[in-house]
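Convention: sequence-line order gives letters A, B, ...; per-chain numbering from 1. Values below: all heavy atoms of this structure, side chains included; hydrogens, waters and symmetry mates excluded. All figures in this text were calculated on a predicted structure; none of them were measured in a lab.
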Amino acid sequence: MMGPVHVVLAPEPGGGMRLRRLDDPDGDAGPGAVADATAAVRALERDRSGDRAAVRWTWDDTAVRYPPLLADGARVERAHDLRLAHRILRHSTLASGSGLATAPPGPWDEPATPEHTPVPRPRAPQADALFDLRPEPAAGARAHPGGAPDAAGAVAELRAQRAAVAGSDDPSRLRLLLAAESAGALVAAEMRHAGLPWRTDVHDAILTEVLGPRPPEGRRPARLEALADRIRAALDAPPTLNPDSHPDLLKAMQYAGVGARSLRKWELEQVDHPVVAPLLEYKNLYRLLTANGWHWLDAWVEGGRFRPEYVVGGVVTGRWASSGGGALQLPKAVRRAVVADPGWRFVVADAAQLEPRVLAGMAGDEAMARAGRGGDLYAGIVASGAVATRELAKVGMLGALYGGTTGASAQVLPRLARAFPRSVALVEDAARTGERGGIVTTRLGRSSPPPGSEWDAAQAGALEDAAGADAATRARTATRSWGRFTRNFVVQGTAAEWALCWLASIRRRLWELGTAGPAGLAPAPFADRPHLVFFLHDEVVVHAPVAMAETVAEQVRAAAEEAGRLLFGDFPVSFPLTVEVVEAYADAK
DNA sequence: GCTTTGTGCCAC
DNA sequence: AAACGTGGCACAAAGC
């Protein structure tokens with residue numbers, strides 16, 4: 001078997017694409033500059049198809065380069081995403097001494113330019129006073145001129161990345177992280193290409209059932225209008241009262257003597273007044289209408305598929321974000337509309353108690369790993385004798401992961417600390433590091449950002465001679481808040497790494513299962529193959545021909561075991577899944 | 001008129 | 001008015 005060939009694919013300044021083999025930096029793979037990149041990619045993938053990952057592509061940005069290939073029905077086995085890798089290496093404490101990390105900011109530090117972003121750009125993240133994560137422009141840094149890096153630039157960047165990894169404190173972990181991140185980018189593009197099967201007629205029926213028929217533009221659906229009347233009646237308010245206006249509604253509620261100071265659900269639930277029931281229901285239906293109503297259907301579902309844009313690494317911790325359509329917040333109420341194609345099924349799998357298990361693995365916590373062996377980690381904690389009930393075990397663990405300081409979660413923390421000292425110490429250490437303004441790093445090497453300028457200012461303010469009590473309070477609040485962030489970062493970030501490895505393994509295994517006879521409704525190259533259609537932090541949905549569903553379920557389980565081994569080697573922490581084969585997403589769980 | 005901010009709820 | 005992490009999104013109000 002030949003080793004893999006490494007091929008850089010980059011745009012030519014004058015148009016078209018260039019394929020350059022890395023082992024032959026002065027020459028070009030096959031045709032060199034090509035007008036039809038798909039044909040060239042397809043030919044090379046086919047020539048080497050006997051070998052797993054026989055072709056290793058490198059390009060600037062999977063989200064830009066891959067969709068056109070997929071549109072032509074071409075799939076690549078493996079592709080290194082330079083921009084995603086650069087971002088990780090630039091900040092990782094494992095590679096902090098590298099040339100890549102110490103160089104002044106360059107084009108690879110720029111976010112993807114508008115030309116790089118095929119779908120509507122997400123709104124700029126709002127600057128939070130405390131968590132200002134936007135990179136601070138260094139002196140001398142200037143905007144990326146706009147054009148994508150050419151082949152020479154991509155080769156140079158790849159070499160810098162390889163050097164940074166090779167010279168790092170843990171090359172194998174970083175190598176795995178970059179491979180997983182890059183594979184995730186392929187999965188994201190493929191899921192968008194394939195789309196999540198969506199039955200517009202079922203969705204419309206759900207809306208009609210709970211809201212009434214679709215009203216003319218600008219009018220309330222009948223059920224909402226009726227609830228608005230009941231709200232007005234309960235408040236003795238005039239017909240002009242608009243329940244969508246918070247100030248008006250709050251005023252009317254105050255006048256009627258409702259003892260709520262906000263319109264939050266949890267607060268309304270605590271007051272006893274006839275307006276509460278219709279108001280809560282109004283808010284419920286209003287949310288469905290505005291977030292996933294007919295407008296959403298018109299905007300996001302086409303040809304029986306929902307195609308969201310996933311933003312790989314879009315969250316600081318390494319989780320994915322999404323842009324448009326709210327793919328990561330699909331409410332349970334509309335999941336009935338997610339129906340598999342005729343003759344196909346969904347294999348829905350979700351990792352049970354992923355974050356505490358990941359914590360056990362990171363901490364080398366044998367006791368916690370043992371508690372997780374039976375499938376339900378929280379039940380295992382109860383069985384260990386540490387706490388009395390499953391609910392306490394759950395809130396206690398979540399409190400440890402999030403930094404909860406009140407209520408039941410804080411009360412059971414000492415008991416958890418006694419029973420699982422290694423796990424608790426790991427998150428406490430991460431919190432202390434953050435409180436000092438330090439940086440924490442995940443299992444595979446993704447590092448947290450340093451605190452922003454607002455944080456520094458708060459700390460400095462408390463040290464000034466004239467500093468008052470409120471300056472001290474502000475500094476303390478900022479300190480603790482950043483500690484909660486770094487505490488959670490290590491666990492959430494490592495869980496995201498596990499999930500990336502899981503996804504990558506599922507993707508490869510599904511492809512290796514091959515085809516299943518006649519083509520279905522999915523687009524090429526997935527028409528006759530099981531394929532991923534949805535991912536949500538610790539959950540995946542595979543769309544598969546009926547006859548293959550059980551095999552797919554087995555492979556998804558095997559992939560979870562593989563992910564555990566990749567991150568934690570022989571350490572005996574398990575990652576059990578809930579796996580179901582269903583026709584509609586709503587039927588899972 | 002437009003953009004930004006505040007509110008509140010959805011997902012994990 | 002949350003307490004306790006990460007996000008996206010829609011709307012009304014406020015600001016320019």
Side-chain angles (χ1 to χ4, degrees), chain A residues 120 122-131 133 242-250 259-271 279-280 282-293 295-296 299-300 308-311 313-335 350-355 359 394-411 413 427 430-431 434 440 448-449 477 480-496 499 534-540 585 589:
Chain A
R123 279 199 331 212
Q126 62 180 36
D128 185 290
L130 194 56
F131 304 111
L133 302 179
N242 176 10
D244 301 339
S245 165
H246 288 185
D248 290 0
L249 189 53
L250 275 170
R261 301 202 302 285
S262 78
L263 295 173
R264 288 176 168 79
K265 190 167 64 174
W266 67 267
E267 191 173 346
L268 290 173
E269 280 165 349
Q270 294 178 358
V271 302
L279 182 50
L280 286 175
Y282 183 92
K283 285 160 66 75
N284 204 359
L285 299 188
Y286 180 79
R287 165 79 191 182
L288 176 65
L289 173 69
T290 56
N292 296 97
H295 285 158
W296 182 92
W300 294 105
E309 186 201 3
Y310 296 97
V311 185
V315 179
V316 266
T317 57
R319 273 187 176 183
W320 290 10
S322 73
S323 169
L328 270 38
Q329 319 144 241
L330 284 184
K332 301 256 170 25
V334 300
R335 292 186 182 184
D350 111 24
Q353 306 98 35
L354 176 59
E355 292 193 345
L359 174 57
K394 185 175 175 178
V395 302
M397 274 313 301
L398 292 177
L401 299 178
Y402 294 155
T405 55
T406 61
S409 97
Q411 277 180 18
L413 186 59
V427 286
V440 295
S448 65
T477 302
R480 292 197 180 142
S481 180
W482 199 258
R484 289 192 298 273
F485 167 62
T486 52
R487 168 197 295 270
N488 189 249
F489 183 97
V490 291
V491 180
Q492 187 180 115
T494 304
F534 195 59
F535 168 63
L536 193 50
H537 308 314
D538 61 359
E539 177 177 347
V540 298
Y585 189 18
K589 277 184 297 189

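Checking B/dC9, B/dA11, C/dT6 against the side-chain heavy atoms of A/Val316 singles out C/dT6 as nearest. Distances from the side chain of A/Thr290 to the nucleotides C/dG8, C/dA10, C/dG5 place C/dA10 closest. Here C/dG7 is the nucleotide among C/dG7, C/dG5, B/dG8 with the atom lying nearest to any side-chain atom of A/Ala321. In this structure, the nucleotide among B/dC12, C/dG7, B/dC9 sitting nearest to the side chain of A/Asp538 is B/dC12. In this structure, the nucleotide among B/dC10, C/dT6, B/dC12 sitting nearest to the side chain of A/Leu536 is B/dC12. Nearest nucleotide to the side chain of A/Arg261, out of C/dA1, C/dC11, C/dT6: C/dA1. Considering only the side chain of A/Asn284, B/dC10 comes nearest among B/dC12, B/dC10, C/dA1.
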Stepwise salt bridge (charged side-chain N to carboxylate O under 4.0 Å, His left out) test for A/Arg319 and A/Glu355: CA-CA 13 Å; A/Arg319 273 187 176 183; A/Glu355 292 193 345; 3.8 Å; yes
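Comparing the P positions of C/dG15 and C/dA3 gives a spacing of 24 Å, expressed to the nearest Å. C/dC4 sits 22 Å from B/dC12 when the P atoms are compared, rounded to a whole Å. Taking atom P on both C/dA1 and B/dG6, the two are 12 Å apart, rounded to the nearest angstrom.
Residues that satisfy the side chain to side chain contact (heavy atoms under 4.5 Å, CB included) test with A/Ala321, not counting sequence neighbours, are A/Val311, A/Val315. In this structure A/Arg484 satisfies the side chain to side chain contact (heavy atoms under 4.5 Å, CB included) test together with A/Arg480, A/Ser481, sequence neighbours excluded. For A/Asn284, there are no side-chain hydrogen bond (donor to acceptor under 3.5 Å, both in side chains) partners two or more places apart in sequence or in a different chain. In this structure A/Tyr286 satisfies the ring pair (Phe, Tyr, Trp, His ring centres under 6.0 Å) test together with A/Tyr282, sequence neighbours excluded. Applying the side-chain hydrogen bond (donor to acceptor under 3.5 Å, both in side chains) test to A/Thr406 and every residue at least two apart in sequence or in another chain returns nothing.
Here the C1' atom of nucleotide B/dC10 and the CH2 atom of A/Trp266 are 18 Å apart, to the nearest Å. Between the CD atom of A/Gln492 and the P atom of C/dC4 there is a distance of 17 Å, given to the nearest Å. The separation between A/Phe485 atom CZ and C/dG7 atom C1' is 12 Å, rounded to whole Å. Protein atom CG of A/Leu288 is 13 Å distant from nucleotide atom P of C/dC11, rounded to whole Å. The nearest whole Å value for the distance from the CD atom in A/Gln329 to the C1' atom in C/dA10 is 11 Å. The separation between A/His295 atom NE2 and C/dC9 atom C1' is 15 Å, rounded to whole Å. Atom-to-atom, CH2 of A/Trp300 to P of C/dG8 comes out at 13 Å; the value is rounded to the nearest Å. Going from atom CG of A/Asn292 over to atom P of C/dG8 covers 16 Å, rounded to whole Å.
Looking only at distances, no side-chain donor or acceptor of A/Asp538 sits under 3.5 Å from a matching main-chain atom of A/Asp350. A/Thr486 places a side-chain N or O within donor-acceptor distance of the main-chain N or O of A/Ala430, the cut-off being under 3.5 Å.
No engagement by A/Gly399 is indicated, since no non-hydrogen atom pair under 4.0 Å with the nucleic acid exists. Looking at heavy-atom distances under 4.0 Å, A/Leu398 makes no contact with the nucleic acid at all. Note on A/Trp320: nothing from the nucleic acid sits closer than 4.0 angstrom, heavy atoms only. Among the heavy atoms of the strands, none lies under 4.0 Å from A/Gly314. Within 4.0 Å (heavy atoms only), A/Leu263 reaches sugar-phosphate atoms of the nucleic acid but no base atom. Counting any heavy atom pair closer than 4.0 Å across all strands shown, A/Gly407 reaches no nucleic acid atom. Heavy atoms of A/Arg480 sit nowhere under 4.0 angstrom from any nucleic acid atom.
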Expected rows: protein N/O vs nucleotides 12-16 of chain C N/O, under 3.5 Å:
from: C/dA13; atom 1: OP1; to: A/Ser245; atom 2: OG; distance (Å): 2.6

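Look at A/Lys265 and you won't find any side-chain N or O under 4.0 angstrom from OP1 or OP2 of C/dA1. Neither OP1 nor OP2 of B/dT7 sits under 4.0 Å from any side-chain N or O of A/Lys283.
Put simply, the side chain of A/Arg484 and the base of C/dC4 share no donor and acceptor less than 3.5 Å apart.
Heavy atoms only, all atoms of each residue included: A/Gly325 and A/Trp296 are closest at O-NE1, 3.0 Å.
Positionally, the nearest nucleotide of DNA chain C for A/Glu267 lies more toward the 5' end than for the other of A/Glu267 and A/Gly324.
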